[in-house]
Amino acid sequence: MNPLHDTLQNTLQVIDNLVWGPPLLILLVGTGLYLTIRLGFIQIRYLPLALSYVFSTKHRTKGDGDVSSFAALCTALSATIGTGNIVGVATAIKMGGPGALFWMWLAALFGMATKYAECLLAVKYREQDANGQMIGGPMYYLEKGVGSKTLAKLFAFFALGVACFGIGTFPQANAIVDAAYLSFEAPKEYTIVILTLLVATVTLGGIKSIASVASKVVPVMAGFYILACLLVLTTQMHALPEAVALVISSAFTGHAAAGGFTGAGIMLAIQSGIARGVFSNESGLGSAPIAAAAAKTDSCVRQGLTSMTGTFFDTIIICTMTGLTLIVTGAWQSEYAGAAMTTYAFAAGLDSAYWGPLMVSVGLMFFAFTTIIGWNYYGERCITYLFGVKAILPYKIVFLVLVASGAFLKLDMIWLIADIVNGLMAVPNLIGLVLLRGVVISESNIYFEQLKTLTAKKTQHAL
């Protein structure tokens, strides 16, 4: 035992509990709930329209911007679909029991409205940087919309912390190295060198290079992982109804995985579900708006709708797949945690000690890699806001060094650091969303009224 390590970990745990205490959870869910009501359940009423924007090529390159709206969404998804979908879900269920998945769903439902609002504002208040690239996100709508440079700088500072010391580096690099070793017995040193070189190759090309890779890799990797989960769920179809019932009932009884049905209260299930859900889909954190601001679009509302599907894909689909796989196979009650728990679930579900773990490892490596390149871009935009374009190259060098060092840190400490900086990043962004709610509602009403008029004219013309 290392006393210094234990003291540091205990200190970080106390800070994490304070950051992710009831005030932030209420602010996160409350903001999403408020926007959901004021926008008339936009995430339900207009989800089909939003999905049509995602899969249609008609408006992808219409308007100002650096990349297509689809590429911007994929860039955001590359940063959100990561270890949170595999490790984070397992961690949440281990800590809070199956009920944590229910709170993930609820947080994601309200989070879709939050994601819509923040990405709408990102496009509305975006501008061009000194290199002629579109730049936007919470730091810009906090400064230009709210009129607070203090909140804008706080967000940029905390987001930079997430990019360098949270989601963007350590958890992802650690996950890739561990997966490569477990599946292929690849030495850590070789894996981290290859990973660092790949990250450098993609990220040094800027948003166009990152978006190009993301728009190709994200749909393939998501499809691969969903298919793998469906294979497990198909083999365990008989246990599926009971698993869903357990998720719902446990959400209100607080059953915990550790030691069977003992220990955790409802609050732990709620906290685990919401914290890990936000870690996964990043709704309310303010990260996705940075990617949305680069989209070629002539409508901030259209991009808001497109962007909110990211939470739907990430949590409602992919996290649900992972959670149900853990529950139907009984892995949630095993002695394993994190990626090892998910690996055990796939091995048991597919009745294969080789193919099951291999699917998890490959999925984990791709998910983690794209998260790294996505967050590299977010950090770049934040450093540009704080110090100008001259700081981009030094930032990228530091980022690569941090990625390279992520493989040699202890996982428990990594998750605590990631949780803390995530929570701190969300606060100024959520304050901005509350203060700019009138802008979001006004822009939405104008757009949907125009859409209604246009639809009526088309119908009349068809008749």
Side-chain angles (χ1 to χ4, degrees), residues 13 16-17 19-22 24-26 28-29 32-33 80-112 167 171 229 233 239-240 242-285 311-312 314-345 411-412 415-416 418-419 422-423 426:
Q13 186 66 64
D16 185 47
N17 291 338
V19 170
W20 283 101
L24 180 56
L25 297 183
I26 291 169
L28 270 167
V29 179
L33 176 60
T80 55
I81 300 178
T83 55
N85 298 85
I86 296 177
V87 181
V89 175
T91 303
I93 293 177
K94 188 73 174 179
M95 290 175 62
L101 185 59
F102 174 87
W103 297 109
M104 272 191 175
W105 293 340
L106 195 65
L109 177 65
F110 297 142
M112 288 176 70
I167 298 174
C229 289
L233 294 175
L240 203 51
E242 186 180 344
V244 174
L246 182 61
V247 168
I248 296 170
S249 64
S250 296
F252 303 99
T253 57
H255 292 162
F261 292 103
T262 59
I266 297 173
M267 190 58 202
L268 185 55
I270 295 172
Q271 186 173 356
S272 300
I274 293 176
R276 295 300 170 194
V278 171
F279 183 93
S280 179
N281 63 54
E282 298 176 18
S283 294
L285 262 64
T311 300
F312 175 77
D314 178 274
T315 306
I316 303 298
I317 295 182
I318 298 179
C319 285
T320 297
M321 291 286 185
T322 302
L324 291 177
T325 297
L326 294 171
I327 296 167
V328 299
T329 58
W332 72 282
Q333 289 180 303
S334 68
E335 71 273 21
Y336 299 107
M341 184 197 290
T342 311
T343 299
Y344 173 81
L411 190 61
D412 51 1
W415 282 110
L416 284 172
D419 262 359
N422 276 2

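It should be emphasised that the depicted structure is a prediction, and the values quoted were computed from it without experimental measurement.
- L240 places a side-chain heavy atom less than 4.5 Å from the side chain of V328.
- Not a single donor-acceptor pair under 3.5 Å links the side chain of T322 to the backbone N or O of V89.
- At a threshold of 4.5 Å between non-hydrogen side-chain atoms, the residues L24 and V19 count as touching.
- Of all non-hydrogen atoms in T311 and S283, the two that sit nearest each other are OG1-OG, 2.6 Å.
- Scanning both residues, M104 and G88, for their nearest heavy atoms gives CE-O, 4.4 Å.
- Among all heavy-atom pairs drawn from M341 and W332, the shortest one is SD-CA, 3.9 Å.
- E282 CD to D314 CG: the interatomic distance, rounded to the nearest 0.5 Å, is 8.0 Å.
- Not counting sequence neighbours, the partners of Y336 by the ring pair (Phe, Tyr, Trp, His ring centres under 6.0 Å) test are Y344.
- Looking at every heavy atom in both residues, I93 comes nearest to G323 through CD1-CA, 3.9 Å.
- The minimum heavy-atom distance linking G338 with A90 is given by the pair O-CB, 3.4 Å.
- For T91, the side-chain hydrogen bond (donor to acceptor under 3.5 Å, both in side chains) test picks out no residue, with sequence neighbours left out.
- For the atom pair OG1 of T315 and CE of M321, the computed distance is 13.0 Å after rounding to the nearest 0.5 Å.
- Between A92 and A100 the shortest heavy-atom distance is O-CB, 3.6 Å.
- Summarising the geometry, atom CD1 belonging to I318 is positioned 11.0 Å from atom CG belonging to N281; distances are rounded to the nearest 0.5 Å.
- Rounding to the nearest 0.5 Å places CG of N85 at 10.0 Å from OG1 of T320.
- Taken to the nearest 0.5 Å, the CD1 atom of I327 stands 5.5 Å off from the CG atom of L101.
- A donor-acceptor pair is defined here as one N or O able to donate and one able to accept, closer than 3.5 Å; no such pair exists between the side chain of S250 and the backbone of V247.
- Rounded to the nearest 0.5 Å, atoms OG (S334) and CG (L326) are 8.5 Å apart.
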